[in-house]
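Working notes, structure below.
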Amino acid sequence: MNDKTNIIPQTRWITISECGNYEEVEDAIGLTFDLDWACDAVLEDCINLVDEADVPATWFVTHQTPILERLRANKKYELGIHPNFNHLLEGKGSDVESIIDELLTIAPNAKSIRSHSMVQSSRLMDIFLRKGLSYDCNHFVPEQSAIELRPWKLWNGLTKVPHFWEDDATCIYQKNTPIKELACRKGLKIFDFHPIHVFLNTENIERYETTKYIHSDGNALLEHRYTGIGTRTHLLELMRFFK
Ligand SMILES: [Zn+2]
């Protein structure tokens, strides 16, 4: 038996705004969640799991809901923003600044941003900075690349914080490294989860796609939760093992 999995490593859990001092976040683990307009039942379920594990997390908010009070009340949590610029790319919607401004009224203390679909550009990054944001989380460098990650500073002073694991990407990649092995890797280890995938325990994107019509109905959705190894079990394993 490979006893690498039996050694419980010393783990430092961090939130995104702790990534300004690179040396201090070396080898740390960061949990992040893109809320993606999930309904309250789905958000509540996810928050319950993380509350119970009592680990720090960064939550990228997409919309106003009373559930956010629970996140604001927990000192281990931090709110970032998760704007959707996709409509602009399709020639619809308003403008970048109003989209960011609206989210900043929901999370006025936000220092970090990850765009929906990771939309980014140098012009956007200048706007992020002007809006008072300091951390851009729009770089996904998959764990499969085996690149040791760390945050870096951009020309304008914005700090880039890359993530190496994303629940939906894990469903698509043919080969994924087991969570316990990943969390023992060198370098900064930021995980990106989505509450809807946590709720469904998504193991295959089809599960997500075919249940879209009931994504706002927690009870109906519960019947479609996968019972094998999926996003939910990955999250629980990560939080329990590395606590
Ligand atoms: Zn998103």
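Values below: all heavy atoms of this structure, side chains included; hydrogens, waters and symmetry mates excluded. Ligands are counted one by one from 1 in listed order, and the atoms in each one are counted from 1 as well.
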Are side-chain N/O atoms of Ser17 and Lys111 paired as donor and acceptor at under 3.5 Å?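 The answer is no; no qualifying pair exists.
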At a cut-off of 2.8 Å, list the protein N/O/S atoms near the Zn ion (ligand 1), residue plus atom name.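 Checking every protein N, O and S atom gives Asp36 OD1, His82 NE2, His116 ND1.
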Arg150 with Asp27: basic N within carboxylate O range, under 4.0 Å: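 Salt bridge flag = no for Asp27 with Arg150.
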Hey, is Arg114 close enough to Asp192 for a salt bridge, meaning N to O under 4.0 Å?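 Looking at Asp192 together with Arg114, the answer is yes, because their closest N to O distance falls below 4.0 Å.
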Distance to the ring centre below 6.0 angstrom and angle to the axis at most 45 degrees; does that hold for Arg72 and Tyr77?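 Checked: cation-pi criterion not met.
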Separation between CZ of Phe33 and OG1 of Thr62, rounded to the nearest 0.5 Å: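 OG1 of Thr62 is found 14.0 Å from CZ of Phe33.
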Check whether the ring centres of Trp37 and His194 lie less than 6.0 Å apart, and answer yes or no.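 Judged by ring-centre distance (under 6.0 Å), Trp37 and His194 do not meet the cut-off.
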